Amino acid sequence: MVAIQIKHLSKRFGDNTVLDRIDLQIEAGEMFFLLGPSGCGKTTLLRHLAGFYWPDEGSVWFGEQEVTRVPPYQRGTAMMFQSYALWPHLTVAENVAFGLEERRLPRPEVSMRVDEALDVVKLGGLGERRIQQLSGGQQQRVALARALVVRPHCLLLDEPLSNLDAQLRLEMRSEIRRVCKEFDLTAVYVTHDQEEALSMADRLAVMAGGRLAQVGTPQAVYRNPVSRLVAGFIGETNLFQGRVLGPIDREDSVMVQTESGPMTARITIPDWRPPIGEAVWLSLRPEAIRLESSSSANSFSGELIESMYLGATAQYRLRLESGQMLCIAESNPAGMSRSAGQTVIASTRPDDLIVLPE
Amino acid sequence: MSPLLSRAVYLLVTIFFALFFVLPIWGTLKTAFVDGKGGLTLDYIAEVFRNPLYREGLLNSFLIALLTTLGCLLLSLPLAIGFVRYAFPARTWLNSLMLTPLILPPFVGALGIQAMMGQAGAFNSLLTALGILSADHPVDWLGEGQMTGVVLMNVLHLYPIVYLNVTASLANLDPALEEAAANLGCPPWRRLWRITLPLILPGIFAGSAIAFIWAFTELGVPLIFDYDRVTSVQIFGAIKDLSNNPFPYALVVVLLFFTTIFYAGSKLMFRGDVSGGGGRATTGRSLVPLSGFRGMLLSGGFLLVIGLALMPHIGVLLLSLAGDWYGTMLPARLTLAHFTGALGHDLTLSAIANSLKYASLATLLDVVLGIGMAWVLVRSQLKGRQWLDAMAMLPLAVPGIVMAFGYLALSREGQPLHALMLGENPLLLLVVAYAMRRLPYVVRSAAAGLQQVSPTLEEAAQNLGAPPLRTLWRITLPLVAPNLLAGALLAFSFAMLEVSDSMILAQQTLYFPITKAIYSLSSALGDGPGLAAALGVWSMVFLTITLLGAGVVLGRKLGALFRV
C-alpha cells in the first residue's frame, strides 16, 4: 500500500494534448476513481501510473519515490485490463503464477500463493482450465487473482467490469471492493459508469478534456458539483440560465433571476462570489424537486407533459412557462394521480438549487 | 522494445536491403543504360524491342501469365466460396490437400506432365487403348512449342495462391455484411454478385497478381519443357557470356519494367479501398450443411482439382519407377534402380546436402530478420516504419530471375559482391539470395501474428514484472509461434525448391542444389531423366514429411498454417 502523487503531469500525442497539467494526490489504502466521458484522458492517466506512458512534463510519485521514468516491469503495480489480457497459451494457474515467477519466488511458494489467490476469487480447483474454457465472469476473476497475487503496491483497474452483464457487474463490484479493503490496497479505478464510481469509491475525480474537473468524495461531488459538466456527468440534472440579483442574508447563497422568477440558490465553489448582474447557471437534481399544490418561494409552474411510473420512482416531465423542460423524480410514489396536460407547481429547497459559473 | 533497439533493427535491415537488393538491381540497370564510353544510352533497351526473337519471348511470357491467371481463377474461385460457406464431406482434409501443389516443385512436375500428356505419354496410350485415338496420329496435348504444357503446369502449381487469398478474404469478411443484404431482400446469387465478390475483390486481385507475375517470369517450367521462346529462358541462355554483352542486362531491365508495372497497377487499383478485410467479424459465420448429393458434388469438385494437381507428380513418380516407358499407359517394367541410383550418385547426394545447408541458413536469417522487422512494424512508434513495411514487401515485386541475374552480375571478378563468393562456393550468395526472396513471407506471417496478439497481453506481463526481452520470450513468441513456424516453413520449402537463383548462381557441379541437379540430370543421356525423377520424388517425400511434422506440432492448425 502506497500513496500516489501526480505532479503537474502533461501528455501530448502529436498536437493533441491528452493530459493537461494534472495534479492529484491519492492516499494510501484509498479506493480512488477516475471518471469521465470517453476521450477525457482517464485511461491515459492510469497508464502513466502503470508506466506504459511517460509524461511529457510532470512527475509521478509512489510514496517518497519518484517513478516517472521507471519502466512498467519495475513499478510493482498490478493492472486489471478492460480486455482482461489473459494469455491464451497459459492455463488459469499459469496466468496467475506469472508475476510470482517473474519475481523469482521459489516454486512451492508460487503454487501455494496461486491456490490461495484462486480461493480468494472463488475459483479454487479451476487452475488447470484453459482461459477459453471460462465464462466472462470467471475470466474477470482470474484477472483479479493474477493482479492480487503479486501483492502490488497499488492496483490499477481499467474499466474491468465493462464486458460483464448487469447482474455480474453488481456482484463483482462488491467483490473487488471487499478484496481491495481486505488487502489494504491503494486502488485506482477507471470507469465511465458513474453508478460504479458512486457506489465503490472512497474518493473520485471527474475528468474532462484532459483536466481534472473535480476531486472529492462521491457525496461531495454529487451534492456540490463545481461545474455544469460535473453536475451533468454525475447524476442527472436540470440546468437553467439566470442572472445574479444580489446576496441574501446567508453567506453561501445568492438570489438569481430566472425565466421562472427569482430563486434562492446555494454556492458550492469555495471563494466564488458572483457579482450582481453576472450570468450564471442553476443546477437542480430531478429528485430534489417536489410537486406541490400551491406556489411558494423557489417554485416553478408548468404543464405536465409526460409521467412515467417506474416502481421505485415516478418520473415527470414538465414544460415550464419559459418553454424549458424540467425533469422530476419522485421516490416511493403513492400513485399517479396527475395526468398529462395538467398545470402543476414544482418546488425545491434553496440548498438543492446550485449556482454554477457560465 | 526500446526506441534504440528499433532503430538498430531498422538500420540493419536498411543496410541488408541496400547491399543485397538495391545494389544488384542498380548494377543491372547501369550496364543496361550505360554504353561503352560511359554515356547514357537507350540503344540496348530499344534493341530488345527491335529484335523479333526477344519481342516474341515477351509476348509469349505475357500470354502464358494471362492464361495461367485465368486458369487459376477458374479452379479456385468456386471452390473457395464453397469452402467458406458450406459444410461438406471431408471438408477440412480437402482444404488442406488443395494446397499440396504449393510444396511440390513445378519444374519437377513438368517432367511428369511430359510423361503423362506428351505425344507418347500415358494419356494418349489410354485413349488409344480405349479405341478413341489411332496410335498413328497421336494428339499433341501440350501444344505446339509446348506453351500449353507450360500454362497447364503453372496453373496446377499456382492455383493454391489464388485459393488461399480468396478464402482468406472470405474468412475476414464480416458475415453480418451478407446477412444485412439478405435481411434487405437480396437473394443468394445477387448477394454473391453485389456484396461478396466486390468485397473480396482486393483478395482476388492480390492472389491473381502474384500468380500472374510468377508465371510471367517463371524459369524452371519452360526450361524443362525446353521452351526457349520466353524471356526468362532467353535470359538464362545468355548468362554464360556476360562480359561485354549488355543485351542480357537490357532484357532483364525490360522484364523488371513490366513486372513493376503489373505490380504497381494491382496495388494502385485498390489504394485507399478499406472494404473487405478492414472490419472485424461481428458475428461468427455458421456453415451451411450441404446434404447428400450436393455435398458429394462439392467434395467431388475439390477431388477433381486435387487429382489434376497431383497428376504431374504421379507422372514423376511413375517416371522414377519406370524401367522402360514409351507409348504405353503405365511403364512396361517397374524398378527401384533409379532410387538406389540416386542415393549412390555423387551429384544427387551432394545436391541434397547443399540444399539443406543453403535452405536452413536462409530460413534462420529470415526468421531473425523477420521477427525484428515485424516487431518494429507492429509494436514500435518509430517514425518511417511504414517505409520498412514497403521495403519488406519489395522482393515480392521483383522476379527471382531478375535478382538472381543481379547477384550473378555483381559477384563476378572485380564487382562489389565478389567477396560473397568463397572461392567458387556460392554458399553465402545463395543463402542471401534465398533469404531475400522469402523474407516477405516471414515478415508478413510474423507481423500478422503480432497483430493478433493484443499489446495488452504484453503490457500485462510487463506490469507483473517481466522486462521486455522476457516478455518477448514468455508471452509474445509462444503466442506467435504458429505464425512464425508457418512463415519459416514456407521460407524453407521455397528455398529448397528455388529455381532461378539455383539455376543461375550455382555454376560448379559440386555446389549444385537439388533443383539444379534435377535439371542437369533431366537433360542428361541414359538414365538421367529416371534419376532426375527419383531425386524429384525424394525431395517431394522430404517436404511432405517436413510439413506433416509441422502438422503434428501444430495439431489441427495445419490448415491455418497456409493462410498467411
Side-chain angles (χ1 to χ4, degrees), chain A residues 13-14 43 46-47 49-54 69-91 94-105 110 114 117 131 139 142-160, chain B residues 1-6 280-284 371 375 378-386 445-446 448-486 553-557 560-561:
Chain A
F13 293 133
T43 295
L46 190 78
R47 291 170 67 84
L49 298 183
F52 296 128
Y53 292 150
W54 290 353
R69 298 229 180 305
V70 173
Y73 49 93
Q74 286 165 6
R75 289 226 178 174
T77 67
M79 182 148 167
M80 275 182 77
F81 293 82
Q82 183 170 12
S83 60
Y84 310 147
L86 299 172
W87 302 299
H89 64 304
L90 304 179
T91 63
E94 284 166 349
N95 262 279
V96 177
F98 185 93
L100 300 174
E101 286 162 8
E102 286 304 321
R103 285 163 173 71
R104 302 276 188 277
L105 264 62
V110 170
V114 167
I131 296 303
Q139 291 189 7
V142 177
L144 182 60
R146 187 177 71 181
L148 289 175
V149 76
V150 298
R151 299 189 187 140
H153 293 316
C154 67
L155 185 63
L156 306 175
L157 304 104
D158 185 9
E159 309 210 21
Chain B
M1 201 185 263
S2 69
L4 201 68
L5 199 50
S6 304
R280 251 210 182 159
T282 52
T283 59
I371 293 175
W375 240 103
V378 179
R379 289 290 194 260
S380 82
Q381 301 297 316
L382 202 63
K383 277 212 179 89
R385 60 185 190 283
Q386 68 275 16
S445 55
L450 272 182
Q451 263 153 6
Q452 281 159 14
V453 176
S454 158
T456 58
L457 293 177
E458 290 161 7
E459 287 170 2
Q462 296 211 3
N463 178 252
L464 292 174
L469 284 177
R470 296 262 313 151
T471 306
L472 184 69
W473 182 248
R474 288 197 64 186
I475 303 298
T476 318
L477 283 185
L479 285 173
V480 301
N483 291 72
L484 266 186
L485 189 59
V553 174
L554 288 176
R556 287 167 55 213
K557 286 190 191 146
L561 194 115

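All values below come from the heavy atoms of this structure, side chains included, with hydrogens, waters and symmetry mates left out. In what follows, every chain begins at residue 1, and chains take the letters A, B, ... in the order their sequences are listed. None of these values were measured; they are calculated from a predicted model.
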Subject >> From CA spacing to verdict: side chain to side chain contact (heavy atoms under 4.5 Å, CB included), B/E459, A/M79 >> reply: CA-CA 9 Å; B/E459 287 170 2; A/M79 182 148 167; 5.7 Å; no
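For chain A, the option among B/R470, B/E458, B/R474 with the highest count of heavy-atom pairs below 4.5 Å is B/R474. With chain B as partner, the option from A/Q74, A/M80, A/Q82, A/R47 having the largest number of non-hydrogen pairs under 4.5 angstrom is A/R47. Counting heavy-atom pairs under 4.5 Å between each of B/A461, B/P478, B/S454 and chain A puts B/A461 at the top.
Interface residue A/L86: only backbone heavy atoms are found under 4.5 Å from chain B. With a threshold of 4.5 angstrom between heavy atoms, A/F98 approaches chain B through its backbone and through its side chain. Proximity to chain B is limited to the side chain of A/S83, based on heavy atoms less than 4.5 angstrom apart. Contacts between A/R75 and chain B at a heavy-atom distance below 4.5 Å are absent for every atom of the residue. Both the backbone and the side chain of A/R146 come within less than 4.5 Å of a heavy atom of chain B.
The shortest heavy-atom contact between A/P88 and B/L457 is CD-CD1, 4.0 Å. When all heavy atoms of B/P467 and A/E102 are compared, the closest pair comes out as CD-OE1, 4.0 Å. Annotation for A/H89 and B/L479: closest pair ND1-CD2, 3.2 Å, computed over non-hydrogen atoms.
Rounding to the nearest 0.5 angstrom, the gap separating the CZ atom in A/F52 from the CG atom in B/N463 is 5.0 Å.
Put simply, the side chain of A/W87 never gets that close to the backbone of B/I475: no donor and acceptor are under 3.5 Å apart.
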